[in-house]
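The residues of the chain are indexed from 1 along the displayed sequence. The structure displayed is predicted, hence computed values, not measured ones.
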Amino acid sequence: SPDTAGWYRFYVIGQGGNGGNGDRQYSTSSFHINRAAGGGGGGTGGVAVHQLYLTPGDSVSITVDTTQTELSYGGETVTATAGGNGGSGVANTLSAGVGGSGGTATGGNVSNIDGIQGGNGAFNSSGSSTSSLSAQGGAGGTPTAEMKYVASAASSGAATGAAAPYSSDV
């Protein structure tokens, strides 16, 4: 509940997905084929921006869990889902992990920005039993220009009354 009546801007953000596991396989045969497969990167969560005019005594419900973040107020629901986890690399099937899907955002009255898929892992193999071998995991989903703007949006601070764009960031 706010102490002062005014416009409040809420940033509802879904968590990012986890990166997938990497895998390696060392040959025990005379062919000496060693393999490594990187896991996929986790996807970014969705971002919804919502502003509300609140007065003292108003209550906004915010729920955060591993699958989504949700804001509820006066029959309105704003949701940002988590990014998907990256897939695991599997060396013996020659497959690197696939990047996790981006989360989604709905219900924001300022903006709804869906997340970005994580990068795929890399696969690597070597015919030498003595060389070191590695495979890079996929990058996490990269924030879009819209997300970067939302993250750096400044509050006007001086706004008052119902006509103000917003007075506080939450």
With a 4.5 Å cut-off on side-chain heavy-atom distances among I, L, V, M, F, W and Y, is there a chain of contacts connecting Val90 to Phe123? no
Using the rule that two of Ile, Leu, Val, Met, Phe, Trp, Tyr join whenever any of their side-chain heavy atoms come within less than 4.5 Å, decide whether Val98 and Ile116 are in one cluster. no
Restricting to non-hydrogen atoms, name the atom on [X] and the atom on [Y] that form the minimum distance, rounded to 0.1 Å.
X	Y	value
Asp114	Ala105	OD1-N, 3.1 Å
Gly89	Asp23	O-CB, 3.1 Å
Val78	Gly107	CG2-O, 3.5 Å
Ala37	Ala96	CB-CA, 4.1 Å
His50	Leu71	CD2-CD2, 4.3 Å
Tyr53	Asp58	O-OD2, 4.2 Å

pair [X]-[Y]: side-chain heavy atoms closer than 4.5 Å:
X	Y	result
Trp7	Arg9	no
Leu52	Glu76	yes
Thr66	Gln15	yes

Nearest 0.5 Å, what's the [atom1]-[atom2] distance between [X] and [Y]?
X	Y	atom1	atom2	result
Glu70	Thr81	CD	OG1	11.5 Å
Tyr73	Ile62	OH	CD1	13.0 Å
Ile113	Thr104	CD1	OG1	12.5 Å
Tyr8	Gln51	OH	CD	13.0 Å

Determine which pairs satisfy side-chain hydrogen bond (donor to acceptor under 3.5 Å, both in side chains) with at least one residue from residues 84-94, sequence neighbours left out, and list them in order. Thr93-Ser95
Can any side-chain N or O of Gln117 pair as donor or acceptor with the backbone N or O of Gly99 at less than 3.5 Å? yes
Residues passing the side chain to side chain contact (heavy atoms under 4.5 Å, CB included) test with Thr63, sequence neighbours excluded, are Ser61
Among Val49, Thr69, Thr79, the one residue meeting side chain to side chain contact (heavy atoms under 4.5 Å, CB included) with Val12: Thr69
Looking at Asp65, I want to see if its CG is surrounded by more than 12 non-hydrogen atoms of other residues, nucleotides or ligands under 6.0 Å. yes
